[in-house]
Structure formats: structure tokens, C-alpha cells
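Inspection log for the structure reproduced underneath, given as C-alpha cells.
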Amino acid sequence: MNSTRTRRVLGSAAATAVAALSVGTLAVPAHAAGPTLSLDVGALIQIQGEPTTQPEFGENVFVRVGRTGTAPVPGAKLVLDTTGLDGVAVLTASGGRCVTAARAITCDLNNLSSPNVNLTDHLWLSAVPGVKPGTRGVVRAALTAPGAESAYKDFAVEVGGAVFRTAEIPLKAHAKVGSTFSPPVRFANRGGVSAARAVVEVMLLPGLKVENWPSNCEYATDPGQLGKEGFGTPIATTHAVCTVEGAVLPNEPVRLNGLDLTVTSEAEYTFADFSVFADPNAAAAQGPALRRRLAFQRGTGAPATLTRDSAEGIPSGYPDINGHFTEQEVLADNGADFGLTGTWTPDASGRAGTLTVTAANRGPASIFDRSGGEGTPFVRIQLPEGATVTDLPKNCRANNRVLGETQDRPLNKFDCEAFGFFMANGASSSHVLGVQLDEGTVPLSATVSFQNQHSDMEEGYPSAPMSWDPNPENDRIKVALRSLPAPEPTVPDRGTGTPVEPVTAVVPASAADSTGSGSGSGTGTTATGSTGGTATTTRTGTGTTGTAGTGALGLADGGELADSGRGDAVPLAWASATALALGGAALLTSRRLGRRRS
């Protein structure tokens, strides 16, 4: 779907998000009298060894400012004292809020109204002509405001020092679960002086692990900071910092050895990120911040090493902002059983009740969707005419569109969130809808299906195309809200001897009968602990199919409103007459979206 470069930037953005979430700031301790200001900037900023012209809207110094509390802080000012850059570099600001006087840059931030925001005043560092490569200077930063606790931070500036630039790593396709391979992490020193060491930072997503970390690596498990605060879906990641001692000369290409990755049962599409630095405090390095948040332990395996390698594929010139970063993508021969269960729980009248729908990833793989939402399924509930929603969960909405166009009538179609872009093995979400049924004896069934963002924009989306699921036949389910009366044996009239068929009341059912041709009787099961208008997401490991009652009804094609909202019948392509029982829950598993790649 995305180009290699785009995926590379996406991965770098995820890594940067981790750093932004975990970076500590130097600030005076909070005082009860007012808010506390925060100031964050990399401890070491490296720039090219020769003067460089600032591109339009370009910046190579990234500063984040903020405050505690909820009220804006008036009169906030950022002062950058550049006295320590004399003979090393020149710092400029072109955002309009900053004024330069002598060796100080003062930026008027006015009402500081965010706890953590980027400074957008285009700070740019350029080397002084003739400066010796590896020379360092310092900038002193102060964030102040009347009545607030100030924040201070010094950061170093290095001109023409050792800095690494990485080669892209080819996709690892058709990886086998349980296999181990060595990712080709290759980079070169594009600075003007030798590097004394290489600091390699590693982030592994679920599906990849290192069986025995090298002894010159330290590693820690992050329970889900990346997703919880960065993208909305918790993702358990593994972070490591490997320090490989040994000189790397200017323009010398090297390869990392001794860091082998094992493909686990959670892998389907996953990746490992690598960032390499000559200094552990480089501006983009995450290690120092991660150490403040996570408990690292040292590996016990043979130490990782660097060997001289070919320069093929390693860009020349000084690195851009992502030059230190590379990524190993992995596509494993694996799948995940996505499924839906649905239960109808009627009240005593049989004309109202709750419809409970649960979406689950039963594994074994965790599914990571980097295609912009195409592969992330949501749940669609299509109710028949004669059924009305009386209680809709907050993460569900009515959908009255067909092929992108809003219709002039309600379609009785509802879309509910199921998963975020990361769908962990064992993840599930439930939705409980209150439903009222019109009086009558006509069989009524709700159709529940997985859909994705293209469902209302293109033809041919009766359910989400999820190619990771090994059982595509069950990509939709029906949940009976009202079934046909159960037939009873005929009895002769005692006066005439003529057989008479007594009329039986309608029996609510939770099994599917789309055409009314099925027969049987039973009682609807109650979803334990379910309440109207609720939704939950849990990680429970491998799921199980819903339990069945007695008196199975046959499934047949047609009989419900089309998922697109049209009134014509849509066939359900079950090849066999899968039996769903009265009062039982129905299981669906679906197909995975095929990832398109350029």
C-alpha cells in the first residue's frame, strides 16, 4: 500500500512518538502558587560541518514547551542564550514571534495553553565557516512566565561530528513462525570525525523477539505506552539499547552482527525499528528517556559486533532528520481467526430486548494495519424493517449512506467500532443495542458483518476483505430476533374426526432463519453481565465459539436488507447449511485485507 520510503517514515514517526511520550523535562519543582512550565529539547544537536542555508520553513532544532494545569499561562517567554555558540555555529529563528538581540533570541509565546506543544518558530543552526569538525558549543534555554515556575535546559551543538546514516532493509516475506534470521542493519559514518562507538536502539513489535540478547545490549518490555498515548491502541513493545565499542572512520560502512530475530506466533505483518547514533544523547535518541520509564536488564548472549561492509545502498552526504533510522518489515505465513458472535435476549413480551454483538481476534497472529485503515474492520449491524433501535452504544452510529451518498430515509444500518489499527491476539470488543420489534409473526433477523472504510464507497464489500483470516466462509452472521411459530402435531376434532392445526405463539429465538423455512423451538440465552449501551475491549487469549441451544434452524440465502442499505435481498454465501441453535450465539470469522504494496 505504502511505498518503502513512506513506510520508513511511518515507522520513524512511531519511534519518535515513543520518544516524545517518554522524554523527561528539566523544570523547577512545582509550587502550589501557580503552574509549572516544561521545556524539552535534545541534549545534543548535530549539524553539518559547513555553513548551510535554511530551506523554506526548515528547522533543525526541535523544542517542545508546556505547562501543568488546564488554564492558559499568559506572558510566557522562551529565551535562548547563544553566547556558548561563539566560533561554533549561528542560531536563527524565523517564525515571527522571536526577536534577536545581541546573543539572545526571545520568543513571545503569549498564552501558553498546552501541556506539551512544538515550538513553531523555525529554529535553524548553521556552522561558522572554517570550524573544526567535532567542535561543540552550548545553548542555554529558559522558559518563564509571571506567577509560574520556570523551566531551564542546556543543550550542546556539535558541528561536523560523527553521525550515522542507514541503508533501507529489504522486506522479509514468507517468514515461517519459529524461524530466526539476521536483519541486515547497515550504516556508514557520514561525519567529519571517527565515531568511538555505535549506539543501536531497537524497538520490536509483537511477532518478533530476540531469544538471547547480546551482553552489550540492555532491553526492557513496554506494556503499551506507544499505543495507549500515541495512537489509541495499546501495543506491547520491546526496547533495547546496544552499545558496540570500536572506531568507525568517516565514510566507513559497517554492518551489525549478532542480533538475531525470531518470528513468533503473533507475527503476520510486523516490524523492527533500528536507530543508530554515535552519541547516546543525540537529539533523536530515545535511550535516556526510556531508561527513566522502563526497567532495563542486560543481555547474556555473545556481544553484538560491527564488521566492515559494502557501501551499496547507504546514502552519502549528511543525514536528514530520519537518516539514523531503518526498519525491518516482516510478512509471516500466518493468520488470525477474526470472529463475530451475536445473541438476542428478549424480554417477557418477546417484542423488545438486547442485541449483543462481540468482535474478537482469536489469533494466533496479532494484526497490525499500516494501510491507512483499509484493513481495520468495524462491525456493521443491519436491522430488518420492523425492528427499531432504542439504545445505541456511544461507539456506534447510524449509517444512512449508500456508495458515499446520504439517503433521504433511515436505512436501519449501524456501524460500531471494533478495533484500532493494532488488533492484538485475544483482543475483543462488545456492543449492546436495545431493540424494539413491531407486533407480528413475520420472522426477523439482524445481519452482523465486519466492514472497513471502503464499504460505503465501493461496490463489492458485503464484508471486510481480511485475507489474514483462514475461514472466509463465515464472514457474516445472522441473529434471529423473532422466528416462525414452532409447528405442533395435528389432533383430530373429537366431534368430526377432521384434523385441526392449533395456532402457536411466536417463540423468540437467537438462531438465524432468514426465510422462515426453518422450524424449532427454544428460549433465548441471556448474555451474562451485559448492559445496554456498553462496549468493552479486552485481551483474553484464544476465544471459543458461542454455545448452542436446542432445535437448530437452517440458514438460507437472502431475506435481509442489503448491507449497502438497498432494499433488495443480498445472498449470504454460506456453502454449507451451518447450523445455529435457538438461544445460541453465532460465530463469524472473516477474511483479511490483502496489503497492496508499491
Side chain Q328, main chain L171, donor-acceptor under 3.5 Å: no
Test: K209 and D260 ion pair at under 4.0 Å: no
Short side-chain to backbone donor-acceptor contact, T221 and T238, under 3.5 Å: no
Presence of salt bridge, D456 and R401, under 4.0 angstrom: no
Electrostatic pair R197:D279 at N-O distance under 4.0 angstrom: no
Considering all heavy atoms, the nearest T52-L125 contact: OG1-O, 4.2 Å
Smallest separation among heavy atoms of S310 and P253, with atom names: O-CB, 3.8 Å
Check: D320 side chain, G323 main-chain N or O, donor-acceptor pair, under 3.5 Å: yes
Closest heavy-atom pair and its distance - R165, I314: O-CG2, 3.4 Å
Salt bridge flag under 4.0 Å for residues R291 and E218: yes
Under 3.5 Å donor-acceptor, T237 side chain and L205 backbone: no
Side-chain (S429) to main-chain (A418) donor-acceptor, under 3.5 angstrom: yes
Pair R308 + E252, salt bridge at N-O below 4.0 Å: yes
Set of residues satisfying salt bridge (Lys or Arg N to Asp or Glu O under 4.0 Å) with respect to D333, sequence neighbours excluded: K176
T264/L208 under side chain to side chain contact (heavy atoms under 4.5 Å, CB included): CA gap, chis, key distance, verdict: CA-CA 6 Å; T264 76; L208 294 174; over 6 Å; no
Aromatic plane relationship, Y269 with F368 - under 30° parallel, 30 to 60° tilted, over 60° perpendicular: parallel
Summary of salt bridge (charged side-chain N to carboxylate O under 4.0 Å, His left out) pairs that have at least one residue in residues 415-433, sequence neighbours excluded: R380-D415, R397-D415
Donor-acceptor side-chain pairing of Q286 and E201 below 3.5 angstrom: no
Main-chain N/O of A304 paired with N216 side-chain donor or acceptor, under 3.5 Å: yes
Given Y318, F274, F164, F277, the one that forms ring-ring contact (aromatic ring centres under 6.0 Å, His included) with H324: F277
Closest non-hydrogen atom pair, V241 against V199: CG1-CG1, 3.8 Å
Exercise: identify the closest heavy-atom pair between G160 and P133: O-CB, 3.6 Å
Parallel, tilted or perpendicular: ring planes of Y219 versus W213, cut at 30 and 60 degrees: parallel
P206 backbone acceptor or donor facing T270 side chain under 3.5 Å: yes
Distance-only polar pair, side chains of T376 and N452, donor-acceptor under 3.5 Å: no
Aromatic ring proximity F338/F419, centre distance under 6.0 Å: yes
Pairwise ring pair (Phe, Tyr, Trp, His ring centres under 6.0 Å) hits with a residue in residues 278-301, at least two apart: none
Shortest non-hydrogen separation from V357 to V379 and the atoms involved: CG1-CG1, 3.9 Å
Donor-acceptor contact below 3.5 Å, side chain S445 vs main chain K478: no
